[in-house]
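Each chain gets a letter, A, B and so on, in the order its sequence line appears, and its residues count up from 1.
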Amino acid sequence: MEKKEFYLEVLHVDKNCGARYGILHTPHGDVEVPCFMPVGTLATVKTLSPEEIKSIGSGIILANTYHLHLRPGEDIVEKAGGVHKFMNYDGPMLTDSGGFQVFSLAEKRKIKEEGVTFKSHLNGDEIFFSPEIVIGIEEKIGADIIMSFDECIPYPATYEYAKDSTLRTLRWAQRGKEAHKTSQALFGIVQGGEFSDLRKMCAEELVKMDFDGYSIGGTSIGEPKDVCFKMIDMAIPYLPFDKPRYLMGVGSLDYILEGIGKGIDMMDCVLPTRIARHGTVMTHNGRVNIKNAKFKEDFTTLDSECDCYTCKNFTKAYLRHLYVAEEALGQRLLSIHNLRFLISIVEGAREAIKEDRFLEYKDEILKKYGDLRGF
RNA sequence: GGAGGGGUAGCGAAGAGGCUAAACGCGGUUGACUGUAAAUCAAUUCCUUCGGGUUCGGCAGUUCGAAUCUGCCCCCCUCCA
């Protein structure tokens with residue numbers, strides 16, 4: 001990556017709430033925000049080709065540092081010419097740092113000041129991740145945006161635990177920033193658990209370090225909805241207006257809309273792709289489990305209001321057949337639908353923000369798809 | 001014709017007198033999934049008015065008690081003629 005060409009252009013803020021519309025400029029193209037980012041942990045949005053990823057209107061996707069380090073290894077990705085060339089995807093990309101794996105693989109790691117020692121979930125190998133090492137791996141992978149190494153604090157956590165962890169995450173952020181050599185955009189991650197003073201402190205300290213963007217982490221890990229929403233409120237006031245704000249691990253329809261209303265620009269979640277692979281889809285008629293026997297002879301489309309490839313071409317009976325027969329196409333078609341469904345809702349949100357009617361839009365969507373809440 | 005082996009829930013397959021409405025797998029049904037250890041996991045799967053009722057090829061026995069023991073019958077498989 002040559003010259004720095006990463007910045008957020010905020011074009012409009014809804015007059016009635018914090019929601020904002022803008023363009024995120026990256027070396028691999030512009031992304032309209034707010035946006036939802038499909039998760040492609042192993043340099044693939046599971047079951048989808050790069051063409052399909054683009055066809056669902058996705059502006060940016062993520063991959064994961066921990067998982068790509070384990071296989072194929074960042075050196076191979078680098079030799080391939082970077083992750084974009086490796087996976088033949090030329091759109092904007094972001095790599096998560098492995099901070100989430102500090103949480104999700106808690107039984108297989110030890111945290112120390114220097115960094116985290118993991119026992120590989122694949123073969124038990126010892127893997128050491130320090131903030132500097134993580135940045136080095138992310139530089140080799142070569143995404144447009146890279147994340148600082150952090151600890152995603154579990155919920156619930158005591159104040160003492162959250163404080164110690166957050167202070168360490170801040171030290172790691174500083175160390176990672178100092179180690180960072182490329183022009184890739186580097187984001188800091190606001191932790192602090194559910195404690196407002198810690199969230200505030202963390203946000204303020206990160207802003208002092210001057211990152212290219214800021215994430216709100218430690219969300220969507222099993223905490224009640226109102227706690228998650230408060231965590232967003234605790235950080236947003238301290239984040240700079242002109243830098244992108246990324247709410248990590250969110251998610252479902254209601255969380256996404258709530259985040260957007262509070263001024264979040266980017267979100268990601270495995271939910272739409274995971275539940276699709278497990279047979280569940282979000283539709284304009286509510287939640288549908290394609291496995292259900294009632295769809296055996298249902299020759300109507302999945303969602304008549306959806307413009308995705310799946311809904312334009314296939315019936316529920318066929319999708320159910322594919323799923324039940326464990327044909328890979330079934331999971332792929334359902335993944336296409338779920339991502340397109342969610343992304344089209346976010347597209348609608350962007351249009352609404354431009355016209356200062358985001359709050360009405362949000363109410364309308366939540367009222368219409370009320371039973372999609374809590375996904 | 002002779003010699004063996006076997007028939008257990010939708011299917012496959014354990015069980016060899018009470019702890020067995022019957023392990024386990026598949027299939028069926030339902031549900032969960034939030035910076036992906038996840039094409040994974042969980043529940044349920046004889047009938048029931050939830051009191052109970054009826055089951056392990058069939059019938060008849062032995063026993064306080066039988067899928068399990070005995071007799072006869074029916075069916076399937078393998079080998080030999």
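More than 12 heavy atoms of other residues, nucleotides or ligands sit less than 6.0 Å from atom NZ of A:Lys262.
Put simply, A:Thr273 has no side-chain N or O that comes within less than 4.0 Å of OP1 or OP2 on B:U36. Proximity of A:Arg274 to the phosphate of B:U40: no side-chain N or O atom is located under 4.0 Å from OP1 or OP2. A close approach under 4.0 Å does occur between a side-chain nitrogen or oxygen of A:Thr41 and OP1 or OP2 of B:U36. For B:U36, one of the phosphate oxygens OP1 or OP2 lies less than 4.0 angstrom from a side-chain nitrogen or oxygen of A:Gln101.
Here the two rings, on A:Phe341 and A:His284, have centers that are under 6.0 Å apart.
Stacking of A:Arg20 on the aromatic ring of A:Phe241 is recorded, both the 6.0 Å distance cut-off and the 45° axial limit being met. At least one test fails for A:Lys108 against the ring of A:Phe118: distance under 6.0 Å to the centre or angle within 45° of the axis.
In this entry the distance linking CE of A:Met93 with P of B:G35 reads 16 Å, nearest Å. For the pair A:Phe229 CZ and B:U34 C1', the interatomic distance rounds to 12 Å; values are reported in whole Å. Distance, A:Leu257 CG to B:U34 C1': 15 Å, rounded to whole Å. Distance CD1 (A:Ile221) to P (B:G35): 10 Å, rounded to an integer number of Å.
Among the atoms of the strands shown, none is found under 4.0 Å from any heavy atom of A:Glu223. Residue-level contact check: A:Asp268 touches the backbone only, with heavy atoms under 4.0 Å from sugar-phosphate atoms and none from bases. Residue A:Asn123 is out of contact with every strand shown, counting any heavy-atom pair closer than 4.0 Å. A:Leu122 comes within contact range of no nucleotide atom at all, as no heavy-atom separation falls under 4.0 Å.
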What does nucleotides 24-32 of chain B look like as a protein-contact string, B for base, S for sugar-phosphate only, - for none, at under 4.0 angstrom between heavy atoms?
----SSSBB

Apply side-chain contact (heavy atoms from CB on, under 4.5 Å) to residues A:Leu24 and A:Asp265 and explain how you reach the verdict.
CA-CA 9 Å; A:Leu24 186 65; A:Asp265 305 304; over 6 Å; no

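Base orientation of B:G51: syn, the glycosidic angle falling within 90° of 0.
Pairing partner, B:U29: B:A43, with both Watson-Crick or wobble hydrogen-bond distances short of 3.5 Å.
Residues passing the ring-ring contact (aromatic ring centres under 6.0 Å, His included) test with A:Tyr318 are A:Phe314, sequence neighbours excluded.
Between A:Asp298 and A:Lys294 there is no salt bridge, since no side-chain N of the basic residue sits under 4.0 Å from a carboxylate O of the acidic one.
B:U29 sits 27 Å from B:U34 when the C1' atoms are compared, rounded to a whole Å. Of the P atoms belonging to B:G25 and B:C72, the separation is 39 Å, rounded to the nearest Å.
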